[in-house]
Amino acid sequence: MKNKCIIFLFCHSILLLAACTGGFENDNEIKGGFSDDKKEIDFQNLTAPFEPIQSGIYFNIGSVGLNWVWQMTQSLNHDMFSGYFMDPIPKFMKSNACYNLNSGWTNAAWQCTYGYVYTEVQKAEKNFYGNDNLKGYLGITEILKVELMHRIADTYGPLVYHQLGETPRVYGQQEAYTRFFADLDEGQQLIREYLDEGGDNNKFKEYDMLTNGKTLKEWLKFANSLRLRLAMRISNVDATLAKDQATKALNDNQGVLEGARETIAVMGKNYINPLCAVAGWGEVYMNASMESIVNGYEDPRGKKWYNTALLEGYQKQLLGIPIGLPMKDGDANIYSFCSSLNTSTIGEKTGAVLMSAAEVWLLRAEAALRGYTKENPRTCYEYGVSTSFTQWDCAGASEYLESDKTPADYKDVVSGGKVGKDMKALITISPKWEEDADIETKLEKIITQKWLACWPESYEAWAEQRRTGYPKLFKVQNNTGKVIDTDIMIRRLPFSTDAATADPAQYATLTEKLGGADNGATRLWWDTGKNSFENRLHATVSPAITMATMLISLIRIFKLGPDVSLNGSPTVSPTTVALWTSLPLPPKLPSSTYFLIICVILSTSFL
């Protein structure tokens, strides 16, 4: 990591915090009577915030600092705590990895988001608010605001946020989630109004850095998928609201992400994927928890994501690095012989994935498991796994889903136990769905596979691991911080210390709404420490709505044809087949066969 990161944080801290609660800027007011050239220039100014907003979600903004800023905002925090990655450099081991939190690193996501991205959201809202011709752009801005800021809420807890047209203020996390859902409503409504009034579905194409087809309708689908994600996040603390929002997402006529190639990822506009760039410095390696899971499961995605080790005698194997090794500056970098990021898979121009269809299928599996929908949990689960395999061009999903294999123990072959410790695997479940298993075991299977399906998006992986306790990650081997319980593990990042200094009153409100000490041991609102099924809800989706959903799914697959299924995109809802046959339909036959079956069912059902 570059030494200039400390200078960056010091020099910019006051500037960043001033932006946290600043009102809307007035320097982009639209004037009348412009020439065509002047109008074009002004329109470019109006839309200018979109690039830094989208680049700032998976933070990599060239004017701020390429790659090394992202390392502080994500790599040295979420990437480690999620169980995905480790930095092998000995001098970095003594800080966050050992729960001796480095405030420069834990401050960074807060500082950079509020200083460089949230301000751009405010500018965009100011530019588009009240202009009917630009309401589609305003709708997208609201969806982007939720995507950006739920990551901050899930990292720190309470946050500074605002409703459209209002001044930012401190929100508690529960209040923030209610606002997130309302803002998704607002964003979708604005886009729909624009389209209903004859607006161009491709209007945002030039500025879209996240969706594949770059249409406004795809933003509606993304918003539904994001709504479903947030709904499941609160399922342990507010089952009623979670169910309402989950069914709202799934019943919307624009649908959710379903096909294997449907991803939301930051790319284009000269965006560089910082994960690849930091890997080029020799600082992105496999975490020992990931080693245990992919090696034990013999998961082919593992070698797509990571290189095999360089350690003599282990060159054909994947080797991970435990979190919290007792190492310090000056020690030999012996763990650099473990498995590094596979930059053939994640290159500089590879999109930085924020959400995938595989994640959404597994969200649907949990929603069904909790009784929020009439979908079959097993069917959604198996579609989720199969979709992830297809996303990463891996074969063998059917065999994997029949596997009884379990995660492997970790053995420190690098130091022979002189530095790291051997660890017994904490996970005992296999990929195979077990219909007679208890609900907690089924949830563990769903979330463990969702953790794999979310790779490498560690913000989401770490949030879900804290919410559910799954997957069961290896504990820190050397806890020198003494504040965070080794077994309970880190629950959040502390608020920015620069924020506390710059605005003590705001900081006091943040900590009050947190409801606990401002350290890494305090749980967030949705992090209850246990999974609650006591108020498990029965599905209440009406038959009329279910039939509508089935017909919409069939229309989609007929439009796309069997080639889409042959390419691994399960575009027909599992609800369709499962309800008509009264059996789950795991994706084990060739997809073209399913296409034929559905055609036969459809033709006979309406005779």
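Numbering of residues begins at 1 and proceeds along the displayed sequence.
For the residue pair Gly83 and Asn287, the shortest heavy atom distance occurs at O-CB, 3.0 Å. Nearest heavy atoms, Leu226 versus Glu147: CD1-OE1, 3.5 Å. Pairing each heavy atom of Met232 with each of Arg467, the nearest pair is O-NH1, 3.0 Å. Among all heavy-atom pairs drawn from Leu275 and Ile346, the shortest one is CD2-CG2, 4.1 Å. In this structure, Tyr297 and Ile429 approach most closely via the heavy-atom pair OH-O, 2.9 Å. Nearest heavy atoms, Ala277 versus Glu348: CB-OE2, 4.4 Å.
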Audit row: Tyr84, Trp451, ring pair (Phe, Tyr, Trp, His ring centres under 6.0 Å) steps and yes/no: CA-CA 9 Å; Tyr84 281 168; Trp451 180 82; 5.1 Å; yes

Evaluate the salt bridge (charged side-chain N to carboxylate O under 4.0 Å, His left out) criterion for residues Glu399 and Lys432: first the C-alpha distance (whole Å), next the side-chain angles of each, then the deciding distance (0.1 Å), finally the verdict. CA-CA 9 Å; Glu399 294 78 9; Lys432 185 177 181 179; over 6 Å; no

Carefully, step by step, assess Glu291 and Ser339 under the rule side chain to side chain donor-acceptor pair (under 3.5 Å). CA-CA 9 Å; Glu291 177 203 320; Ser339 296; over 6 Å; no

Verdict with reasoning, Lys221 to Glu258, per salt bridge (charged side-chain N to carboxylate O under 4.0 Å, His left out): CA-CA 10 Å; Lys221 182 181 287 191; Glu258 288 190 336; over 6 Å; no

Would you please test Arg378 and Asp436 for salt bridge (charged side-chain N to carboxylate O under 4.0 Å, His left out) and show each step? CA-CA 11 Å; Arg378 174 182 175 177; Asp436 59 350; over 6 Å; no

Is there a side chain to side chain donor-acceptor pair (under 3.5 Å) between Glu440 and Asn531? Walk through the geometry before answering. CA-CA 8 Å; Glu440 189 72 40; Asn531 294 304; 2.8 Å; yes

Please step through salt bridge (charged side-chain N to carboxylate O under 4.0 Å, His left out) for the pair Arg233 and Glu460, ending with a clear verdict. CA-CA 10 Å; Arg233 184 88 84 245; Glu460 188 60 23; 2.8 Å; yes

Report the C-alpha distance between Trp361 and Glu359 in whole Å, list the side-chain angles of each, state the deciding distance to 0.1 Å, and finish with yes or no for side chain to side chain donor-acceptor pair (under 3.5 Å). CA-CA 6 Å; Trp361 279 111; Glu359 177 197 339; over 6 Å; no

For a side chain to side chain donor-acceptor pair (under 3.5 Å) check, start with the C-alpha distance between Gln71 and Asp79, then their side-chain angles and the critical distance, and finish with the verdict. CA-CA 9 Å; Gln71 186 180 31; Asp79 280 6; over 6 Å; no

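For the pair Arg151 (side chain) and Ile57 (backbone), a donor-acceptor distance under 3.5 Å is present. At distances below 3.5 Å, not a single donor-acceptor pair connects side-chain atoms of Ser340 with backbone N or O atoms of Ser336. At least one donor-acceptor pair under 3.5 Å links the side chain of Asn60 to the backbone N or O of Ile272. A donor-acceptor pair under 3.5 Å is formed between the side chain of Glu218 and the backbone N or O of Gly213. The main-chain N or O of Thr247 is found under 3.5 Å from a side-chain atom of Asn251 such that the two form a donor-acceptor pair. When atom types are taken as modelled, the side chain of Thr308 and the backbone of Gln315 share a donor-acceptor pair closer than 3.5 angstrom. At distances below 3.5 Å, not a single donor-acceptor pair connects side-chain atoms of Ser292 with backbone N or O atoms of Tyr410. The backbone N or O of Asn77 lies less than 3.5 Å from no partner atom in the side chain of Asn96, so there is not a single donor-acceptor pair. With hydrogens and angles ignored, the 3.5 Å screen pairs no side-chain donor or acceptor of Ser388 with any backbone N or O of Gly384. A distance-only check finds no donor-acceptor pair linking the side chain of Asn342 to the backbone of Asn307 [under 3.5 Å].
Counted by atom type alone, Gln174 and Asp238 present zero donor-acceptor pairs between their side chains at under 3.5 Å. Between the side chains of Thr441 and Glu434, no donor-acceptor pair of N or O atoms lies under 3.5 Å. Side chains of Arg370 and Asn236: a donor on one and an acceptor on the other come within 3.5 Å. Side-chain contact of Asp208 with Trp219: a donor-acceptor pair under 3.5 Å is present, judged by distance alone.
Heavy atoms from other residues, nucleotides or ligands lying under 6.0 Å from NZ of Lys217 number 12 at most. Within a 6.0 Å sphere centred on NZ of Lys421, other residues, nucleotides and ligands contribute 12 heavy atoms or fewer.
In this structure, the ring of Trp70 has its center no less than 6.0 angstrom from the ring center of Phe59. Two rings, from Phe85 and Trp305, have their centers 6.0 Å or more apart. Between Tyr285 and Tyr335, a ring centre-to-centre spacing not shorter than 6.0 Å is recorded.
Between atom OG1 of residue Thr468 and atom CD1 of residue Ile447 there is a gap of 5.0 Å, rounded to the nearest 0.5 Å. From Thr155, atom OG1 reaches atom CE of Met149 across 10.0 Å, with rounding to the nearest 0.5 Å. In this structure, Gln245 CD and Ser235 OG are separated by 13.0 Å, a value rounded to the nearest 0.5 Å.
Among Asp154, Val237, Leu241, the single residue meeting the side-chain contact (heavy atoms from CB on, under 4.5 Å) criterion with Tyr177 is Asp154. Among the candidates Tyr381, Tyr383, Tyr400, the single residue satisfying the ring-ring contact (aromatic ring centres under 6.0 Å, His included) test with Trp433 is Tyr381.
In this view, Lys411 and Asp422 satisfy the salt bridge (Lys or Arg N to Asp or Glu O under 4.0 Å) rule, not counting sequence neighbours.
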